[in-house]
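Worksheet: the structure to be examined is printed underneath.
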Amino acid sequence: CVRNPPKPLLPSTPFAATVQLEEEERKRQLLKFKKKPTSSQGVQEEDRFENEPGGPLFLDSFFRHFRESWCIQLGKITATGKFAASTHNKQRKRQDVVGVFDDIEELLKECYTECETYVDEQSDTIEAAKPEGGLPKRSLGRRGLVVTEMDH
């Protein structure tokens, strides 16, 4: 198990601040619909929405799904890198570093592929959720099947 696994954090940009505010607002809205658990005096309540799916396009569920496997892979890469740093043999060190770079490249390709798949899926979902145009309204005289004359 990794001692200090990396935590997925949003960068500190205005867009990230907006997303975080929307997430807090979503949690407040959900709070209205849930019963409040009774808490003991002086005991801090846990975040009841920690395991709640949702957020901006279920992004938290996406990271929760891949977090463990990515953290394990990063832990192995880190251990290999530390071992390579402590080796005194130049040839062995060079070989280990090349192996670490290969592992990092493989992990980043996997992350990129999964993120691209997620983005494609979400954009398809958003596109499918757009309302379709309504049926054209016809005058009372034009209702029913339209009959056309055929050439004989």
Side-chain angles (χ1 to χ4, degrees), residues 1-138 145-146:
C1 189
V2 180
R3 196 178 274 176
N4 292 322
K7 295 180 181 175
L9 297 175
L10 291 173
S12 57
T13 62
F15 175 72
T18 305
V19 169
Q20 289 172 343
L21 287 174
E22 289 174 1
E23 177 68 9
E24 290 172 9
E25 180 61 30
R26 180 186 73 86
K27 288 181 180 181
R28 270 190 245 116
Q29 292 296 328
L30 283 174
L31 183 61
K32 293 178 184 177
F33 299 111
K34 291 192 172 195
K35 293 182 179 179
K36 295 182 180 179
T38 57
S39 62
S40 304
Q41 292 178 337
V43 175
Q44 184 72 16
E45 289 184 11
E46 294 180 15
D47 184 8
R48 289 172 290 168
F49 303 105
E50 185 175 12
N51 297 321
E52 191 75 31
L57 301 176
F58 294 96
L59 194 57
D60 50 350
S61 298
F62 173 74
F63 282 116
R64 191 176 299 126
H65 179 73
F66 291 104
R67 181 179 181 176
E68 185 177 348
S69 66
W70 289 348
C71 287
I72 289 171
Q73 291 176 2
L74 282 173
K76 290 177 182 178
I77 291 170
T78 303
T80 306
K82 286 180 181 179
F83 178 75
S86 65
T87 304
H88 297 293
N89 185 344
K90 266 187 164 179
Q91 187 65 27
R92 175 70 183 194
K93 187 180 282 193
R94 184 177 294 130
Q95 185 179 4
D96 287 346
V97 169
V98 169
V100 167
F101 283 138
D102 288 342
D103 292 344
I104 289 174
E105 181 183 15
E106 183 181 321
L107 175 65
L108 290 178
K109 282 181 181 178
E110 178 187 339
C111 293
Y112 180 78
T113 303
E114 294 298 338
C115 290
E116 283 294 312
T117 304
Y118 174 78
V119 167
D120 291 343
E121 179 183 333
Q122 292 303 321
S123 51
D124 290 345
T125 303
I126 291 171
E127 185 178 326
K130 290 180 183 174
E132 295 181 6
L135 293 173
K137 294 184 179 180
R138 297 181 179 175
L145 295 174
V146 177

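Note that the numbering runs from 1 along the sequence shown for the chain.
- Ion pair Lys27/Glu24 not flagged as a salt bridge, since none of the NZ, NE, NH1 or NH2 atoms sits closer than 4.0 Å to an Asp/Glu carboxylate oxygen.
- A distance of 8.0 Å separates NZ in Lys93 from OG in Ser86, rounded to the nearest 0.5 Å.
- No side-chain heavy atom of His65 sits under 4.5 Å from any side-chain heavy atom of Glu114.
- Separating the CD atom in Gln20 from the CD atom in Glu25 is a distance of 14.5 Å, to the nearest 0.5 Å.
- In terms of heavy-atom proximity, Thr87 sits nearest to Arg92 at CG2-CG, 3.5 Å.
- We find that Glu22 and Arg26 are not joined by a salt bridge, their nearest charged nitrogen and carboxylate oxygen being 4.0 Å or further apart.
- Heavy-atom contacts from other residues, nucleotides or ligands closer than 6.0 Å to CD of Glu106 number 12 or fewer.
- In this structure, OG1 in Thr80 is found 6.5 Å from CG in Asp103, a value given to the nearest 0.5 Å.
- Distance CG/Asp96 to CD/Gln91: 10.5 Å, rounded to 0.5 Å.
- Distance check, rounded to the nearest 0.5 Å: CG of Leu108 to CD of Gln73 gives 10.0 Å.
- In terms of heavy atoms, Ser123 sits closest to Asp120 at OG-O, 3.0 Å.
- Side-chain contact between Val100 and Ile104: present, with at least one pair of heavy atoms (C-beta onward) separated by less than 4.5 Å.
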